[in-house]
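Below: one structure, written as structure tokens.
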2 protein chains.
Amino acid sequence: MRIGDIARQAGVSTRALRYYEEQGLLTSQRSPSGQRIYPESAVERVRLIQQLFTAGLPSRTIVQLMPYIDTGHGPPEVFELMAAERDRISAAMADLAAARDALDRMIEIAHHPTPEHCPALREPPWTPHHDAEAATAAVV
Amino acid sequence: MRIGDIARQAGVSTRALRYYEEQGLLTSQRSPSGQRIYPESAVERVRLIQQLFTAGLPSRTIVQLMPYIDTGHGPPEVFELMAAERDRISAAMADLAAARDALDRMIEIAHHPTPEHCPALREPPWTPHHDAEAATAAVV
DNA sequence: CTTGCCCTTGACGTCAACGTCAACTCCTAC
DNA sequence: GTAGGAGTTGACGTTGACGTCAAGGGCAAG
């Protein structure tokens, strides 16, 4: 298969595939005229790479994981790297959950336009020490 | 409070705070000599901004949310923007979960060095059509 | 008064995963 | 043989949230 076929089936650009090769994430045979030839399995591999990118792993880290991806074993430091990345992803998920909850609270507040409802997001707008009622009037 | 105090309490750099102001995310009073003066509530505000950044919202989007953050209401389009961002965050969490599961599978496989265990990640390493056993020997 | 730490604006640097020409070559179809 | 759609390398552009000088002003302590 040529680069365009892989790109279509994996849903990425050909530029991305050449970039992956440049980074050592993807290898390819070459046809006599210099064109890249890939096996079928390259599609699945590219999807995995994409998934890891989406999860926030930089290409350098993915390169380090390659021995495990290819052969199923490698140096033990890389093994711990996998565990560390998994934990980092879990932490990122917790951050996302917290942010989503914050948005949900904002949506909840916006749904109930009761002026008594949890100020929580700002005190009186940093009254400039003199005309406090003017600032209050400006808000209203 | 001055910029350094806010930076310390919120755990960000002073550069970040000036950037936030430049982007319209944070306002400040000025002392007679031109120094930025913040209310106590700025710390909480900066933490919220950080949380939204961590969740992948760009500054332009956060700016649009500001009317809701400040006053609790705003144009309805912004209302839908909040819902859209919440959904995007949920989708990102699903992506992270999938990637974490993929890593867990890799860790599982690495724990059981049985050569029979789900190749699943690559076929025979694209045997270059001639010296197949040489390549196999190279892997070993 | 001067030492030293904090503040100011302005402007350039960074990093990562590509996008986007440019200038060629290759291969398939007619 | 020739048009046109792929492929090739090389190199510069992009985007966002800051980092990092550079050059100066402000302010309390000794």
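Below, read A as the first sequence line, B as the second, and so on, with proteins coming before strands; counting in each chain starts at 1.
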Give a yes or no on whether B:R60 atom CZ has more than 12 heavy-atom contacts from other residues, nucleotides or ligands under 6.0 Å away. no
Starting at atom CD of A:E21, determine the distance to atom P of C:dC18, rounded to an integer number of angstrom. 15 Å
Which part of the nucleic acid, if any, lies within contact of A:E22, taking any heavy atom under 4.0 Å across all strands shown: a base, the sugar-phosphate backbone alone, or nothing? nothing
Looking at every strand, decide which applies to A:S13 at a 4.0 Å heavy-atom threshold: base, sugar-phosphate, or nothing. sugar-phosphate
Heavy-atom pair with the smallest gap, counting every atom of B:R88 and B:A55: NH2-O, 3.2 Å
So, does B:S33 get its side chain near the phosphate of D:dC27, meaning an N or O under 4.0 Å from OP1 or OP2? yes
Interatomic distance, A:L17 CG vs D:dT9 P [rounded to whole Å]: 13 Å
Check whether A:T61 reaches the backbone of A:L57 with its side chain - one donor and one acceptor, N or O, closer than 3.5 Å. no
Picking from D:dG7, C:dC18, C:dT8, the nucleotide nearest the side-chain atoms of A:A16 would be C:dC18
Taking OP1 and OP2 of D:dC18, is either one under 4.0 Å from a side-chain nitrogen or oxygen of B:Q50? yes
What is the distance, to the nearest angstrom, from the CD atom on B:Q29 to the C1' atom on C:dC7? 17 Å
Between B:R15 and C:dG10, does any side-chain N or O lie under 4.0 Å from OP1 or OP2? no
Can the ring centroids of B:H111 and A:F79 be said to lie less than 6.0 angstrom from one another? yes
Euclidean distance, atom CZ of residue B:R60 to atom C1' of D:dT15 [Å, nearest integer]: 9 Å
Look at the aromatic rings of A:F53 and A:Y20 and report parallel, tilted or perpendicular, splitting at 30° and 60°. tilted
Is the distance from OP1 or OP2 of D:dA17 to the nearest side-chain N or O of B:Y19 less than 4.0 Å? yes
Hey, is the side chain of B:R30 poking within less than 4.0 Å of OP1 or OP2 on C:dT9, counting only N and O atoms? yes
Taking only the side-chain nitrogens and oxygens of A:Y20, find out if one of them lies under 4.0 Å from OP1 or OP2 of C:dC18. yes
Rounded to whole Å, how long is the line connecting atom CD1 of B:I6 with atom P of C:dC6? 16 Å
Value in whole Å for how far the P atom of D:dT9 lies from CD1 of A:I3: 8 Å
Value in whole Å for how far the P atom of D:dT8 lies from CD1 of A:I37: 8 Å
How many whole angstroms separate atom CD of B:Q23 from atom P of D:dG16? 9 Å
Give a yes or no on whether a donor-acceptor pair under 3.5 Å exists between the nucleobase atoms of D:dG7, that is its base, and the side chain of A:R2. no
Would you mind classifying the nucleic acid contact of A:S59 as base, sugar-phosphate or nothing, using non-hydrogen atoms under 4.0 angstrom? sugar-phosphate
Base, sugar-phosphate, or nothing for A:R36, non-hydrogen atoms under 4.0 angstrom? sugar-phosphate
